[in-house]
Amino acid sequence: MVPPGVPDSARAEYSMTIIPGGEVLTVKLRKTSGYPAYDGAIERAINAAAPLPVPSDPNLFQQLRELNLVFRPN
């Protein structure tokens, strides 16, 4: 759920690293949306989603180990 007062135009960028079991190793805010409550909600959601589904193919996993994600409220 998007915190109150966050416009549809808000945008936050995160990078994250996952390990083979799908656990989130690191989450880093790369660019704030300008709305700390929204940024915090995104980070909590990323951590709560663990373990993430990961491919069983080790080569494919290596391509997805480091993710850069953009979040928008809508």
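The side-chain hydrogen bond (donor to acceptor under 3.5 Å, both in side chains) with T17 is formed by just one residue from the set K28, R65, E66; it is E66.
Clustering ILVMFWY residues whenever any of their side-chain heavy atoms sit less than 4.5 angstrom apart, transitively, puts I19 in a cluster other than the one holding V27.
Considering only heavy atoms from C-beta on, R30 comes within 4.5 Å of N68 through its side chain. F61 is not listed as a side-chain neighbour of S56, based on a closest heavy-atom distance of 4.5 Å or more. Contact of the P55 side chain with the L64 side chain is registered, since non-hydrogen atoms from C-beta on lie closer than 4.5 Å.
With rounding to the nearest 0.5 angstrom, the CG atom of L52 is 4.5 Å from the CE atom of M16. Distance check, rounded to the nearest 0.5 Å: OH of Y38 to CZ of R11 gives 10.5 Å. Note that the OG1 atom of T26 and the OH atom of Y14 stand 12.5 Å from one another [nearest 0.5 Å]. For the atom pair CD1 (I18) and CG (L25), the distance works out to 10.0 Å, reported to the nearest 0.5 Å. Here the straight-line distance linking atom CG of L29 with atom CG of D39 works out to 5.0 Å at 0.5 Å rounding. Atoms CD and CZ, from E43 and F71 in turn, are 10.5 Å apart once rounded to the nearest 0.5 Å.
Contact detail for D8 and N74: the closest heavy-atom pair is CB-ND2, 3.7 Å. The heavy-atom pair separating R44 from A37 by the smallest distance is NH2-O, 4.3 Å. Of all heavy-atom pairs between A10 and S33, the closest is CB-CB, 4.3 Å.
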